[in-house]
Enquirer: 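Pasting in a structure now, in structure tokens, and then I'll have a few things to ask.
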Amino acid sequence: MTTVTRHEIRRAGPRFGAEVFGVDLTRPVDDATAQELRQAFEDHKVLVFRNQHLTPDQHVAAVSIFAEPFDHPTAVKDAANPLVYPYNVKQTGKASTWHIGGLWRSPVFAIESLTYEEVPELGGHTLWADLQTAYDDLSEPFKVLLESVNAVYDGDPENYAQGSKRTAVGETVEHPVVLAHPDTGRKGLFISSSALRLTGVTPAESKALLDHLLRHASSPDYTIRFGWNPGDFVLWDNRATWHYAVDDYGNGARVYRKVIGVERQGTAAAS
């Protein structure tokens with residue numbers, strides 16, 4: 001049965017991020033609610049739904065409200081649903097760098113999402129930074145320069161799977177350092193700490209620019225922080241934000257499931 005809901009979107013920060021109350025994602029939502037959630041996602045870029053306890057199938061259905069769930073070619077898949085990717089940081093490692101997901105792919109993932117199963121008693125929060133606001137605060141001459149610059153990344157999807165023992169970089173892929181969002185047209189920085197170099201500039205200029213951009217885009221001025229309980233569900237716009245999983249919990253538990261979303265066929269940046 002489709003659930004008709006009365007829900008509330010509560011801003012979690014002055015620039016971006018919100019928590020959604022009154023929506024039960026374990027059941028299908030009505031069309032009007034789905035459209036309102038899509039608008040909230042466009043407005044806030046990171047949405048948190050507390051205490052959902054989604055099954056793998058429900059997790060995929062929730063992401064389907066916003067984008068097309070993606071079948072990752074190299075990731076380890078959940079036995080219950082091949083569009084779900086399980087993580088246990090004690091085996092897969094921690095994501096304690098500022099990063100954007102799916103940089104091996106062009107276009108990158110539109111959405112990433114997590115359902116938390118086990119979390120540390122204290123700590124283990126996640127930070128996001130708003131790359132569009134970070135871009136807005138750059139000077140106009142610097143924006144003009146960046147329009148002509150791409151960043152180079154490892155193009156091997158094997159090196160992006162859970163617990164991957166990364167091989168030497170072979171094939172590479174380029175992404176613009178300034179991205180016009182395919183849904184809104186709003187420009188933002190598009191940079192990740194795994195960038196190998198920048199194109200169109202000298203090696204020395206590349207290093208100086210990368211150092212500045214990475215430091216600027218991760219400024220606390222552009223960030224929001226969420227902590228977790230088992231059952232929490234979060235999704236974020238992978239084209240407008242980047243994120244950092246805080247490693248302050250030692251050997252504590254952190255187990256979660258990921259579902260990825262890409263643009264649906266026929267959209268501005270069809271996959």
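Only heavy atoms go into these numbers, but all of them, side chains included; no hydrogens, no water, no symmetry mates.
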Enquirer: Measure from the side-chain N and O atoms of E205 to the backbone N and O of T202, and report whether any donor-acceptor pair falls under 3.5 Å.
Expert: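 Present.
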Enquirer: A80: what forms a side-chain contact (heavy atoms from CB on, under 4.5 Å) with it, not counting sequence neighbours?
Expert: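 Per chain and number, A80 pairs via side-chain contact (heavy atoms from CB on, under 4.5 Å) with P56, D78.
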Enquirer: Hey, what do you get for CG (N51) to CG (D232), rounding to the nearest 0.5 Å?
Expert: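 One finds 7.0 Å between CG of N51 and CG of D232.
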Enquirer: ring-ring contact (aromatic ring centres under 6.0 Å, His included) with Y222: which residues, sequence neighbours excluded?
Expert: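 So Y222 forms a ring-ring contact (aromatic ring centres under 6.0 Å, His included) with H216.
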Enquirer: Working to the nearest 0.5 Å, report the span between CG of L235 and OG of S113.
Expert: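 Spacing of CG (L235) from OG (S113) equals 6.0 Å.
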Enquirer: Where the side chain of S64 meets the backbone of V60, is there a donor-acceptor pair that is under 3.5 Å apart?
Expert: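 Yes, S64 side chain to V60 backbone: donor-acceptor pair under 3.5 Å.
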Enquirer: Atom OH of Y153 and atom CZ of R197: how far apart are they, to the nearest 0.5 Å?
Expert: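 Output value for this atom pair is 12.0 Å.
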Enquirer: In plain terms, say whether R186 and E42 are close enough for a salt bridge, that is, a side-chain N and a carboxylate O under 4.0 Å apart.
Expert: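 No, this pair does not count.
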Enquirer: Residues two or more places apart in sequence or in another chain: which of them pass ring-ring contact (aromatic ring centres under 6.0 Å, His included) with H44?
Expert: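 H44: no ring-ring contact (aromatic ring centres under 6.0 Å, His included) contacts found.
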Enquirer: Hey, can you pull the donor-acceptor pairs under 3.5 Å for the side chains in residues 122-129, sequence neighbours left out?
Expert:
unit_1	atom_1	unit_2	atom_2	d
H125	ND1	R225	NE	3.1
T126	OG1	W228	NE1	3.0
T126	OG1	R254	NH2	3.2

Enquirer: Tell me whether Q52 contacts the main-chain N or O of G231 through its side chain, where contact means a donor paired with an acceptor under 3.5 Å.
Expert: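 Here the side-chain-to-backbone pair does not exist.
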Enquirer: Quick check: F142 with H212 (ring centres under 6.0 Å apart)?
Expert: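 Yes - the distance between ring centres of H212 and F142 falls below the 6.0 Å cut-off.
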Enquirer: Say whether, by atom type as modelled, one donor and one acceptor occur between the side chain of Y116 and the main chain of H53 under 3.5 angstrom.
Expert: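 It does not hold such a pair.
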Enquirer: Are T199 and V152 side-chain neighbours, meaning at least one heavy-atom pair lies under 4.5 Å?
Expert: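 With C-beta onward as the side chain, the pair touches.
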Enquirer: Partners of T55 by side chain to side chain donor-acceptor pair (under 3.5 Å), sequence neighbours excluded?
Expert: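 Once residues adjacent in sequence are excluded, the partners of T55 under the side chain to side chain donor-acceptor pair (under 3.5 Å) criterion are Q58.
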Enquirer: For D211, enumerate each residue passing the side-chain contact (heavy atoms from CB on, under 4.5 Å) test, keeping only those at least two apart in sequence or located in another chain.
Expert: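 If we apply the side-chain contact (heavy atoms from CB on, under 4.5 Å) test to D211, skipping adjacent residues, the hits are K207, R215.
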Enquirer: At their closest point, which heavy atom of T223 faces which heavy atom of S218, and how far apart are they?
Expert: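 Heavy atoms of T223 and S218 come nearest at CG2-O, 4.2 Å.
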Enquirer: First locate atom CD1 of I100, then atom OG of S193, and finally report the distance between them rounded to the nearest 0.5 Å.
Expert: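 Output value for this atom pair is 9.0 Å.
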Enquirer: Tell me, please, which residues at least two apart from H181 pass ring-ring contact (aromatic ring centres under 6.0 Å, His included).
Expert: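 Not a single residue meets the ring-ring contact (aromatic ring centres under 6.0 Å, His included) criterion with H181.
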Enquirer: Sequence neighbours left out, what pairs pass ring-ring contact (aromatic ring centres under 6.0 Å, His included) with at least one residue falling in residues 19-42?
Expert: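 For residues 19-42, and leaving out neighbouring residues, the ring-ring contact (aromatic ring centres under 6.0 Å, His included) pairs sorted by first residue read F41-F66.
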Enquirer: Does a side-chain heavy-atom distance below 4.5 Å link T172 with D154?
Expert: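 No, side chains not in contact.
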Enquirer: Just by modelled atom types, is the E174 backbone N or O under 3.5 Å from a matching donor or acceptor in the N150 side chain?
Expert: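 No, because the side chain of N150 does not come within donor-acceptor range (under 3.5 Å) of the backbone of E174.
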Enquirer: Say whether, by atom type as modelled, one donor and one acceptor occur between the side chain of T241 and the main chain of N238 under 3.5 angstrom.
Expert: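 The answer is no, because no donor-acceptor pair under 3.5 Å joins these two groups.
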Enquirer: Can you list the residues that meet the ring-ring contact (aromatic ring centres under 6.0 Å, His included) rule with Y135, with sequence neighbours excluded?
Expert: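 If we apply the ring-ring contact (aromatic ring centres under 6.0 Å, His included) test to Y135, skipping adjacent residues, there are no hits.
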Enquirer: Applying side chain to side chain donor-acceptor pair (under 3.5 Å), name anything that partners T26, two or more places apart in sequence or on another chain.
Expert: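 Result, side chain to side chain donor-acceptor pair (under 3.5 Å) vs T26: D24.
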Enquirer: Do the ring planes of Y244 and W98 sit parallel (below 30°), tilted (30 to 60°) or perpendicular (above 60°)?
Expert: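 The rings of Y244 and W98 sit tilted, inter-plane angle from 30° to 60°.
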Enquirer: Strictly below 4.0 Å, N to O, side chains only: are E19 and R11 in salt-bridge contact?
Expert: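 No, E19 and R11 are not salt-bridged.
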Enquirer: What residues, two or more places apart in sequence or in another chain, satisfy side chain to side chain donor-acceptor pair (under 3.5 Å) together with H99?
Expert: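 For H99 the side chain to side chain donor-acceptor pair (under 3.5 Å) partners, ignoring immediate neighbours, are H243.
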Enquirer: Between the side chain of S96 and the main-chain N/O of V246, is any donor-acceptor distance below 3.5 Å?
Expert: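 Not at all, since once roles are kept as given, no pair shorter than 3.5 Å links the two residues.
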Enquirer: Just how far is it from atom CG of D137 to atom CD of Q132, taken to the nearest 0.5 Å?
Expert: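 The CG atom of D137 sits 12.5 Å away from the CD atom of Q132.
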Enquirer: About how many Å separate CZ of R15 and CG of D221, when rounded to the nearest 0.5 Å?
Expert: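 Separation between the atoms: 6.0 Å.
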Enquirer: Are the side chain of R264 and the backbone of A67 linked by a donor-acceptor contact shorter than 3.5 Å?
Expert: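 Flag set: sc R264 to bb A67 pair under 3.5 Å.
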Enquirer: Please enumerate all residues that pass side-chain contact (heavy atoms from CB on, under 4.5 Å) together with V20, with sequence neighbours excluded.
Expert: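 Scan of V20 (side-chain contact (heavy atoms from CB on, under 4.5 Å), adjacent residues dropped) gives I9, V23, L37, L47, F49.
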Enquirer: Testing the basics here: between P230 and V119, what is the closest heavy-atom pair and its distance to 0.1 Å?
Expert: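 Closest approach of P230 to V119: CD-CG2, 3.7 Å.
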Enquirer: Closer than 4.0 angstrom, basic N to acidic O: yes or no for R239 and D183?
Expert: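 Answer for the salt bridge query: yes.
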